[in-house]
Visitor: 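Questions regarding the structure given below will be posed in turn.
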Amino acid sequence: MKTLHHKEKEQFKKLFGQEGIDRFEDRLRVLEVLLQIEGHPTVSEVHQRLADEGAALDADFVRETLKLMCQLGFARRSRFGNAEVHYEPLHLGQHHDHMICTKCRRIYEFQSDPLETLQIKIAEAHGFHLLQHRVEFYGICAECLKERIDRMPLDMARPGERLTIINFTGGAGARMRLMTMGLRVGDSVEVITNINEGQIALALENRRLVIGRGLAQKILVRPDRAKPGRPLSHNAED
Ligand SMILES: [Zn+2]
Ligand SMILES: [Zn+2]
Ligand SMILES: [Zn+2]
């Protein structure tokens, strides 16, 4: 890794010099921090790390430098289903894709030769010449799965998760409302959205149901791990 980082820095010096970009030393510090941080930091995380190391650069400068680094091929950016942009170093000749846990937001990297080959084949079958791709898996990581219990209230479920309804814990009024919606114990549902504090949208067969958070807390469900949900929607990002 040391020699790799050394090489990156040498090329950085050359290209940034060639482009006549100002404040070279400060920009080099941004690169150094990005190379040091393991993972996929946001602008504010890079900015914070620089401050921790005594380099008080303003956030706009850090953001602009990271953007320049993407333009010149030293970094790449992704949103990972988030509002914030994440950056990571781009090492030439190395490629990986990502799995994002929708519960803890951790980002895992993976590399799969069969998946890479398959993508080229799929593109070719459509007469499409593949230049770049971005594969992002969204789901629940092994760490978070360990913490999950077999029974949980519906409001704890994540988008994309398939569940079986095992009980209603509310009073007669709540049961009545759920029955009117057509929801029964034993039904298999898939979570479409579950936004903090908001309503939860479910797919029940081919119908959409929207349930308030209070009511969702009274529905006990069991996550269905054997049958992962087929994606209901796609979130394509930059
Ligand atoms: Zn890939
Ligand atoms: Zn997780
Ligand atoms: Zn990565």
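First listed ligand is number 1; within each ligand, the first listed atom is number 1.
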Visitor: Closest to the Zn ion (ligand 1), which N/O/S atom of Asp97 is it?
Guide: OD2

Visitor: Can you tell me, to 10 degrees, how wide the angle at the Zn ion (ligand 1) is between NE2 on His133 and NE2 on His95?
Guide: 90°

Visitor: So which of the N, O or S atoms of His40 lies nearest the Zn ion (ligand 3)?
Guide: NE2

Visitor: Could you tell me the separation between the CE atom of Met156 and the CG atom of Leu163, rounded to the nearest 0.5 Å?
Guide: 11.0 Å

Visitor: Distance to the ring centre below 6.0 angstrom and angle to the axis at most 45 degrees; does that hold for Arg23 and Phe61?
Guide: yes

Visitor: Looking at side-chain heavy atoms only, is the closest gap between Lys218 and Phe168 below 4.5 Å?
Guide: no

Visitor: What atom name does the N, O or S atom of Glu116 nearest to the Zn ion (ligand 1) carry?
Guide: OE2

Visitor: Give me the ring orientation class for His96 and His40: parallel if the planes are under 30° apart, tilted from 30 to 60°, perpendicular past 60°.
Guide: perpendicular

Visitor: Under the side-chain hydrogen bond (donor to acceptor under 3.5 Å, both in side chains) rule, what do Gln36 and Arg49 come out as? Steps first, then yes or no, please.
Guide: CA-CA 10 Å; Gln36 268 168 33; Arg49 174 68 83 97; 3.2 Å; yes

Visitor: With respect to the Zn ion (ligand 3), what is the nearest N, O or S atom of Glu109?
Guide: OE2

Visitor: Please state the angle at the Zn ion (ligand 3) spanned by OE1 of Glu88 and NE2 of His96: what is it, rounded to 10 degrees?
Guide: 90°

